[in-house]
Structures are given as structure tokens and as C-alpha cells.
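Heads up, the thing below is written out as C-alpha cells.
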Amino acid sequence: MLKFHNTLSGQLEEFQPLNNKDVRLYICGPTVWSYAHIGNFRTFTFGDVLRRYLKYKGYNLTHVMNLTDVDDRIINEAKKAGKVIDEFTAPFVEAFWEDSDALGNERPEIAPRATEHIAEMIQIIEKLLENGHAYESEGSIYYRISAFADYGKLSKINFQGNISGASGRVDTDKYDKENANDFALWKLVNENEPTGWDASFGRGRPGWHIECSAMAMKYLGETFDIHAGGVDLKFPHHENEIAQSEGATAKLFAKIWLHSEHLKVEGETMSKSLGNYYTFRDLIEKGYTASAIRYLLLSVPYHKQLNFTFETLDGAENTIARLRDFRNRLSEANPKDGINPDLQEKAKNYLADFESAMDDNLNTSQALAALHNLVREVNTALAHEIVCTEDRSLILYIIDKFDSVLNIFGEVKEEMLDAEIEKLIEERQEARHNRDFARSDEIRDLLAEKGIVLEDTKNGVRWKRK
RNA sequence: GGCGGCGUAGCCAAGUGGUAAGGCAGAGCUCUGCAAAAGCUUUAUUCAUCGGUUCAAUUCCGAUCGCCGCCUCCA
């Protein structure tokens, strides 16, 4: 039974979709002003595992992830670069999908862009103006939080107690707002500024939060099942989305809110000034593989902070290699016909362990432990030659089940060796047969230089690429 | 100032009121011509510190120390 920790209720809740087997999911996507970093990808990879596990559980999924392609930063950076915003964001949009694909994240069903949904945003703002949840001030439109009694229900922030203490960082009088906590729905833009849209309430550009309300409700309806994102979005972004959406519709916006915790690097906050800020591309350039990065991102449950260290990433590379090697060896094994009921039962139990771990608010740490336990069990069985054909089929099937969610094994590739290398391997077998170990080792070293690693087993020689 | 989280072996970490998952690294052994791979064994009498509750606490409560996050840029 699948359970989620719902930020809205603060409780672990049994998951029950609004419409029997259909699940509608919204995840806040990237702001495409730069290359996404590994912290961003922790959240998106969590989102991917969430979507994959929902499918695993048999739900029909509609997953929406927006791309924020207009905000102050994008406008400023585009201006500096002498480009219109679409030109400026295009390469980052492309890079985002490249990186996301490389990390093994499935693409959402719908990936709407903010700039293509301005009309929907304007409609919501009009509604909010009509029903008194919004007001105009100096040409901009603000949300009136005093008109929304539930404001703060997600983040549970007590606005009485804390604003004064944090006042140094809270900009209260930059705009003429009724209340310091009121936020912009629509920002006035002068005629001479390139990035702006006309609305019944004046030319401007959208505030940050309205895009998610508009796109989520357009594609998922006024009320939908799950809304997820990084913890830092809980306040103000998600709180404001709720205020806008529920203020406009008077209906529950999202039933369940999930927040992924931040990633730290070597125990510290990732920041450019500390020099520990890494994009996905940075790590690939350093020679790390996408699967190891994904493994590391999944090694800690999403709702706990993850300490990203290079020592652990090196370890993840070894782990991934061992897992893949395991699957290959199992596939290549030459088992006896038949069935080993004991092994079958154990394998099924590990699958059950995996599922109950994932059911428990997506505990990927425990899910991975179930996978490793299965691998150890089967390795032992393989060594004792008690794996039969039917067991192998079952185990490979279970591995596929695990991997339909984790996606760390990668494609099964039928690799070919070129004739020259085949010949060398044959020659080495010949030399070994003749106990010419000097020649045999020489060939092994030669192949190692070419990136081919040999393993002599009872059933002959196997090779793999390093 | 308000609020939340965390501190478990060399490293990354799960977890629970009844006596510590898993991964990586290390060590020994088995297998091997030697390797590699794999397997087996081994690595926390102990879960930041100090008190309290309890038959029993790493798990609950309190205090202390340290770290991280949010309080309108932020995955």
C-alpha cells in the first residue's frame, strides 16, 4: 500500500487517487537561464522515480513539468546578451532535455512553457481581480493574502512571529503593496521594454508563481493529485500557487504535496563561491557516468538531505559496474533445465521487499538494499550452480521490474568484438592450453590496453569493456 | 528573532521502544597457472554528549554541543 508524506497535512498518508486509476502529477521544472546543476537533478530524478513507481503500481499517469522561460533573471541575462528571451533560453532548454535524458529520466507527458501560457495566466488574474483576491497598484497586480484565509497552510509559517526578525532580508517597500507578504501576479512593463504582454489590466509580464497555477490547472484540472518540487519552493512559490489557484476556483488545488530535500556537496551547501557547484555536465566532463550519478541521487530517500561526495560517487561507479556485470553474467550463464523452488521464493521475497520499501514514501535506500540482497543471493546460487533456467528467467524478470523504477542497469547491449580482438582471444586460449603463460599474459595485457578485460571462468573466457 | 531537519563504522547511509539494512573502501580465505570476477568470513557491545521516563532507548522526553535548511532569487 503506497504511502506518501504529504507536506500539506504533515502526515504519512495512504495514496488514493481522485479518479480511481488515473493520477495527475505536476512537478515544478527548471528555470532555463543556465545549465541545471546536480541539486536540480536530484529533484527531477526524484520526480522520475515517482512517476515510474506510479506506473509500476499500475496507475495511468499524466505528468506535467513546466519550463520557466521567463523571469527577471532571464530577461536581464537576455538583455545583456543582446537577445530576445526565446533565443536566450533555447540552448538551455535543449541542454536540459539532453542532461535529463542522459540521467535516464523519462520525459513527462506534457512539458509546457510559461511564455506559451500567458493567456491562461491572464484569465486567472482577471478572476482574482473580480473576486477581490487581487488589486492593482502602480500598474502592477498583486495578490491580496488577507483575502485568503488559508494562506500559510502549506508552509505553516507564522507570519506574526518571524518577519520582524528577518526584516533585513525582506524587502517591504520596494513596491507599494497593501501588505509586505502580498506578491506580484503581474508586473508592469513599459512600452519600450521588449518582454511584455498586453492584458485587460495593462501591459506587463507574469509574476513567478502564476505560471504554475495556470499550467497545472490547464492540463490537470482545478484539482489534481500530486504536486511536487524542491523544498525551497515550499515557500513562497507553492504557498502562493495555492493562494492563487484556490483563490480563483475556491476548490482544493493539489491533494498531495511532496518536497524533495536539498543536496549538499562534501557536507556543505553547494554554491559558486565555495567552488563546489557542479552541473551534470561538469561531472560528465570529469569522467563520471550518468548511471553512477543517478545511483548516487537515489541512494538517499528524497525527503532527506543528501551529501554528495566524490568518494561516494567513485563508489557508485563500482556499484553500478558490479550490478551490470551481474546481470550480464546471469544472462550468459548456462543453467540446467528446471526450477529451484527455494531460490524462486527468495527472489520473490526480495521483490516484495523492494515494493514495500518504495511503498513507504519512496524509500529508495531500502529499495536498493533489496536489490543488493537479491544480487548476493543469486551470486551465491550461481557459484553453487543451483540456478536453473526457470530461475534465471524469473530473476531477470525481477531485475527488470526493479529497473523499471530505478533505471540504473541500462540497456542490454549485444556488443561485438572486431575480428582482430577475437583472434587475439583465441590465440590466448591456445597459449593457455599449451601452458605458455608468458604469451597468454602478454595478450591479456595487450587487450587491457585496448579496454578489453578478460575473465577466465569454468565455462570459458568472458570479456567486457572497461 | 520565528520555524523545520539532521548528527549511526574509514566514507555514503537505512532503520526501529526489545537489542544495529545496504553500498563503497580495507583485511583474510576459497576459486585461478597467475589474474579478474564471484563467494565466504571479517570491520559499530554501539547509534554527538549529558540527564530523565521505561522491565527495556539508538529509537520517547529534556538539556547541551555541532551541522543544514526556510522566513518572498533558489530544485
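Because only heavy atoms are used, hydrogens play no part in the values below, and waters and symmetry mates are left out as well, while side chains stay in. Residue numbers start from 1 in every chain, and the chains themselves are labelled A, B, ... in the order their sequence lines are given, proteins ahead of strands.
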(message) Just N and O in the side chain of A:W33: are any of them under 4.0 Å from OP1 or OP2 of B:C73?
(response) no
(request) Return the nearest nucleotide to the side chain of A:N307; candidates are B:A36, B:C12, B:A75. (result) B:C12
(message) Nearest to the side chain of A:R329, heavy atoms from C-beta on, is which of B:A75, B:A37, B:A36?
(response) B:A37
(message) Tell me whether the side-chain N/O atoms of A:N181 come closer than 4.0 Å to OP1 or OP2 in B:U72.
(response) no
(request) With sequence neighbours excluded, tell me which residues meet side-chain contact (heavy atoms from CB on, under 4.5 Å) with A:S365. (result) A:P301, A:N363
(message) Measuring only the C1' atom in each nucleotide, how far is B:A44 from B:A36? A whole number of Å is fine.
(response) 32 Å
Distance-only check: which donor-acceptor pairs under 3.5 Å involve side-chain atoms of residues 31-41 of chain A, not counting sequence neighbours?
from, atom 1, to, atom 2, distance (Å)
A:H37, ND1, A:G39, N, 2.9
A:H37, ND1, A:N40, N, 3.1
A:H37, NE2, A:N40, ND2, 3.4

(request) Under the side-chain contact (heavy atoms from CB on, under 4.5 Å) rule, collect the residues that match up with A:E94, sequence neighbours excluded. (result) A:E98
(message) Rounding to an integer number of angstrom, what distance separates B:G17 and B:C68 when you compare their C1' atoms?
(response) 28 Å
(request) For B:U30 versus B:A37, give the span between their C1' atoms, rounded off to a whole number of Å. (result) 13 Å
(message) Can you identify which nucleotide, out of B:C68, B:C71, B:A75, has its nearest atom closest to the A:F235 side chain?
(response) B:C71
(message) Please classify the nucleic acid contact of A:H237 as base, sugar-phosphate, or nothing, using heavy-atom distances under 4.0 Å.
(response) nothing
(request) Could you tell me the separation between the CE atom of A:M65 and the P atom of B:A75, rounded to a whole number of Å? (result) 12 Å
(request) Can you tell me which residue pairs pass the salt bridge (charged side-chain N to carboxylate O under 4.0 Å, His left out) test with a partner in residues 357-378 of chain A, sequence neighbours excluded? (result) A:K57-A:D359, A:K346-A:E377
(request) Could you measure between the two P atoms, the one in B:C12 and the one in B:G5, and give it in whole Å? (result) 22 Å
(message) Regarding A:K156, tell me which of base, sugar-phosphate or nothing describes its non-hydrogen contacts under 4.0 Å with the strands shown.
(response) nothing
(message) Give me the distance, rounded to whole Å, that separates B:C24 from B:U41 when you measure between the P atoms they each carry.
(response) 15 Å
(request) Report the distance from atom CZ of A:F354 to atom C1' of B:G22, rounded to the nearest whole Å. (result) 14 Å
(request) Establish, with yes or no, whether the OP1 or OP2 oxygen of B:C3 is under 4.0 angstrom from a side-chain nitrogen or oxygen of A:S155. (result) no
(message) Going by the rule side-chain contact (heavy atoms from CB on, under 4.5 Å), which residues pair with A:A369 if we only count those two or more places apart in sequence or in a different chain?
(response) none
(request) Take the protein atom CG of A:D353 and the nucleotide atom C1' of B:A21, then report the distance between them rounded to whole Å. (result) 10 Å
(message) What does the 5'-to-3' dot-bracket notation of RNA chain B look like when only Watson-Crick and G-U wobble pairs under 3.5 Å count, and pairs to other strands show as |?
(response) (((((((..(((.....[...))).(((((.......))))).....(((((..]....))))))))))))....
(request) Take A:Y142 and A:L185 through the test side chain to side chain contact (heavy atoms under 4.5 Å, CB included) and record every step on the way to the result. (result) CA-CA 5 Å; A:Y142 294 95; A:L185 294 166; over 6 Å; no
(request) Check the surroundings of atom NZ in A:K423: do more than 12 heavy atoms from other residues, nucleotides or ligands lie under 6.0 Å from it? (result) no
(request) Give a yes or no on whether the ring-centroid distance for A:H259 and A:H238 is below 6.0 angstrom. (result) yes
(message) Please classify the nucleic acid contact of A:S365 as base, sugar-phosphate, or nothing, using heavy-atom distances under 4.0 Å.
(response) base
(message) Taking the ring centre of each residue, are A:F310 and A:Y278 less than 6.0 Å apart?
(response) yes
(message) Under 4.0 Å, heavy atoms only, any strand: does A:N240 hit a base, just the sugar-phosphate, or nothing?
(response) nothing
(message) Checking contacts here: which listed nucleotide (B:C12, B:C40, B:G10) is nearest the side-chain heavy atoms of A:E311?
(response) B:G10
(message) Say we look at B:G26 and B:U43: how far apart would their C1' atoms be, to the nearest angstrom?
(response) 8 Å
(message) Filter on salt bridge (charged side-chain N to carboxylate O under 4.0 Å, His left out), then keep only pairs touching residues 148-158 of chain A, sequence neighbours left out; what's left?
(response) A:D150-A:K153, A:K153-A:E246
(request) May I ask you to say what A:H372 touches in the nucleic acid, namely base, sugar-phosphate or nothing, with a heavy-atom cut-off under 4.0 Å? (result) sugar-phosphate
(request) Any salt bridge (charged side-chain N to carboxylate O under 4.0 Å, His left out) involving residues 308-322 of chain A? Give me the pairs, sequence neighbours left out, ordered by first then second residue. (result) none
(request) Look at all strands and tell whether A:G229 reaches a base, only sugar-phosphate, or nothing, counting heavy atoms closer than 4.0 Å. (result) sugar-phosphate
(message) Measuring from the side chain of A:V453 (C-beta onward, heavy atoms only), which nucleotide among B:A36, B:G39, B:C68 has the closest atom?
(response) B:A36
(request) Consider the side chain of A:K464, meaning its heavy atoms from C-beta on, and name the nucleotide among B:C71, B:G15, B:A37 that approaches it most closely. (result) B:A37
Would you tabulate the nitrogen or oxygen pairs shorter than 3.5 Å linking the protein to nucleotides 30-35 of chain B?
from, atom 1, to, atom 2, distance (Å)
B:G33, O6, A:R432, NE, 3.4
B:G33, O6, A:S440, OG, 3.3
B:G33, N1, A:D441, OD1, 3.0
B:G33, N2, A:D441, OD2, 2.7
B:C34, O2, A:R444, NH2, 2.6
B:C34, N3, A:R444, NH1, 2.9
B:C34, N3, A:R444, NH2, 3.3
B:C34, N4, A:D456, OD2, 3.0
B:A35, N6, A:D456, O, 3.0
B:A35, N1, A:D456, N, 3.0
B:A35, N3, A:R444, NH1, 2.9

(message) A:H133: which residues meet the ring pair (Phe, Tyr, Trp, His ring centres under 6.0 Å) condition with it, sequence neighbours left out?
(response) none
(message) Once hydrogens and angles are ignored, does a donor-acceptor distance under 3.5 Å link the base of B:A75 to the side chain of A:T43?
(response) yes
(message) When you measure from the side-chain N and O atoms of A:K304 to the phosphate of B:A14, is any distance below 4.0 Å, counting only OP1 and OP2?
(response) yes
(message) Need one value for A:P301: base, sugar-phosphate or nothing, where a base atom within 4.0 Å counts as base even if backbone is also close, heavy atoms only.
(response) sugar-phosphate
(message) Over all strands shown, is A:L263 touching base, sugar-phosphate only, or nothing at heavy-atom distances under 4.0 angstrom?
(response) base
(message) Is the phosphate of B:A38 approached by A:R376 (side-chain N or O, under 4.0 Å from OP1 or OP2)?
(response) no
(message) Near RNA chain B, counting only heavy atoms under 4.0 Å, which residues of residues 317-326 of chain A show up?
(response) A:N318, A:T319, A:R322, A:D325
(message) Before we go on, tell me: are the rings of A:Y26 and A:Y219 under 6.0 Å apart, centre to centre?
(response) no
(message) Quick test of the criterion, 5.5 Å between centres and less than 30° between planes. Is A:H262 stacked on B:G69 or not?
(response) no
(request) Return the set of residues passing side-chain contact (heavy atoms from CB on, under 4.5 Å) with A:K272 (not counting sequence neighbours), or none when no residue passes. (result) A:Y277
(message) Say we look at B:G15 and B:U59: how far apart would their C1' atoms be, to the nearest angstrom?
(response) 9 Å
